[in-house]
Amino acid sequence: MPSDRSAGLAESVRALAAGEVTSRQLVEECLARIEATQDSLNAFRIVRASAALAEAEAADRELARGVRRPLLGVPVAVKDDTDVAGEPTAFGCRGDFPPAAEDGEAVRRLRAAGAVIVGKTNTCELGQWPFTEGPAFGATRNPWQPRHTPGGSSGGSAAAVAAGLVPAALGSDGAGSVRIPASWTNLVGIKPQRGRISTWPRGESFQGITVNGTLARSVADAALLLDAASGNHPQDPHRPAELTVLDAVGRDPGRLRIALSLRPPFTALPARLRPDVRARVLEVAERLAASGHTVEEADPPYGRIGLTFVPRATAGIAERVREVPSPALLDPRTLEAARLGRLLHGAPLRAARRAETALRHRIGGFFASYDAVLAPTTAAPPPLVGSMLDLGPFATDRAMIAACPYAWPWNVLGWPGVNVPAGFVADGLPVGAQLLGPAGSEPLLVSVAAQLEAELRWHERWPPARTAVTDAPAA
């Protein structure tokens, strides 16, 4: 009988190398879990059953010959904004998309590490919103509470990992799209430095604000997947100095100066941190202080950083809309965002891109006083499925900013952030806190996250067992 949950990424690597299990067994169990939950959780857009089994058998032959690679034979999933050779990349949209001719660079590197790509996970249309639902594929649901969204836009990856369908998954983060669903599904989500994981065949994704990242139940598994996927295509414009993140797991970070930032950055629409989420973040802050760190309230000097985000985000949407085979099938909100992006594509976009250097200089000065920032990942727990689906553009923006005002500035800066689970609020809904640092600070953030994990043991908690989503409304 297949296991109802995947082992962790590192544990799967160990068991395969020790001959305790075969890759085919792991992949068969993974595919069985996906099939059993697809009607309820709906985490996957594409399941590569035959191809994955063939890749698993090839991995078993390598393992039998004594070959060892970082992820050899382990099943993982990738978000459906990432090219997998032979599969369409619909990115949450309706329409007839052609199969990709080649793997994206991140997938190529995962395969080089030996991973078996079992499928592509659901994402909202062009990754714009903090929910994962739409007419192209239905609604993806939260394994902890199926009436609620797992978040977005990497909601399919988050749901798949949280439910134990796969041990880890690749996502992408353009305004919190790894960290937000990680926070709402009790996962670790790493948004790395821009360029750490290539977005090729795009040198930049959404004018540089979107990066690829990882989701897993534990810090070590998220770091292991990050290291395996990291690296650059020869034509990548952003090429940060190489580093190994997994080595930081278990490393003493020393006594750090941590700024607790509870005030949302400036937005044109109101945002307020809910008291129950605030209480969970404060508990994480108290845990850090008990570990010997100095934690004090202080906010990075964000200023009006939001004015630089909108031109980049909407111009990126406009670029993607031009590539969609059937634009008439897109959500009206997507078309409106693309229209704005076309208007802002000239001088406003150039000004927004130029402003990044000054923003990095100003906010980077904050790290002369602090080693890291602790902030809420979201201002609220995960909303109900369907609550944002049919809103107009302005109402959607208002609801998004009310729920998720904290994550996006680090996308403008291109710097690393790590969501850590912060516990649960009413109805058993998970929430998270994010550790944020300057350029190249992934090892420091990961070492602090692992220190918290050793105390809080979030990876030992699983969603309630469900055979079907009997209490969920129809999508």
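The residues Arg108 and Asp103 are annotated as not salt-bridged, no charged nitrogen and carboxylate oxygen being separated by less than 4.0 angstrom. Ionic pairing of Arg68 and Glu62 is not present here: no N-O contact between side-chain nitrogen and carboxylate oxygen is shorter than 4.0 angstrom.
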(request) Mind running side chain to side chain donor-acceptor pair (under 3.5 Å) on Glu453 and Ser218 for me, showing each step along the way? (result) CA-CA 8 Å; Glu453 181 177 87; Ser218 72; 4.8 Å; no
(message) If you apply the rule side chain to side chain contact (heavy atoms under 4.5 Å, CB included), what do you find for Leu53 with Glu28, and how did you get there?
(response) CA-CA 7 Å; Leu53 288 170; Glu28 284 178 339; 3.6 Å; yes
(request) In sequence, state the C-alpha distance, the side-chain angles, and the governing distance for Ser177 and Ser153, and then conclude on side chain to side chain donor-acceptor pair (under 3.5 Å). (result) CA-CA 5 Å; Ser177 287; Ser153 62; 3.1 Å; yes
(message) Gln434 vs Thr377, test: side chain to side chain donor-acceptor pair (under 3.5 Å). Steps then yes/no.
(response) CA-CA 5 Å; Gln434 54 179 337; Thr377 304; 4.9 Å; no
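For Glu323, the CD atom sits in a packed shell: over 12 heavy atoms of surrounding residues, nucleotides or ligands are nearer than 6.0 Å.
Distance OG1/Thr199 to CD/Glu204: 7.5 Å, rounded to 0.5 Å.
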Side-chain donor/acceptor pairs under 3.5 Å, residues 155-165, sequence neighbours excluded:
| unit_1 | atom_1 | unit_2 | atom_2 | d |
| --- | --- | --- | --- | --- |
| Ser157 | OG | Thr121 | OG1 | 2.7 |
| Ser157 | OG | Leu170 | O | 2.9 |

Name the atoms and distances for all side-chain donor-acceptor pairs under 3.5 Å in residues 229-236, with sequence neighbours left out.
| unit_1 | atom_1 | unit_2 | atom_2 | d |
| --- | --- | --- | --- | --- |
| Ser230 | OG | Leu226 | O | 2.6 |
| Asn232 | ND2 | Gly195 | O | 2.9 |
| Asn232 | ND2 | Asp236 | OD2 | 3.2 |
| Asn232 | ND2 | His238 | O | 3.2 |
| His233 | ND1 | Gln235 | N | 3.0 |
| His233 | NE2 | Trp200 | NE1 | 3.2 |
| Asp236 | OD1 | Ser198 | OG | 3.3 |
| Asp236 | OD2 | Ser198 | OG | 2.8 |
| Asp236 | OD2 | His233 | N | 2.9 |

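The heavy-atom pair separating Thr210 from Ser172 by the smallest distance is CG2-CB, 4.0 Å.
Geometrically, Arg333 does not engage Phe394 in a cation-pi contact defined by less than 6.0 Å to the ring centre and at most 45° from the axis.
Sorted by first and then second residue, the salt bridge (charged side-chain N to carboxylate O under 4.0 Å, His left out) pairs with a member in residues 377-402 form an empty list; sequence neighbours excluded. Every pair passing side-chain hydrogen bond (donor to acceptor under 3.5 Å, both in side chains) that includes a residue from residues 401-415 is listed here, sequence neighbours excluded: Asp173-Asn411, Arg179-Asn411.
Side-chain N or O atoms of Arg360 include one that pairs as donor or acceptor with a backbone N or O of Leu413 at under 3.5 Å.
Arg194 pairs by the salt bridge (charged side-chain N to carboxylate O under 4.0 Å, His left out) definition with Glu356, not counting sequence neighbours. Residues satisfying the side-chain contact (heavy atoms from CB on, under 4.5 Å) test with Ala328, not counting sequence neighbours, are none.
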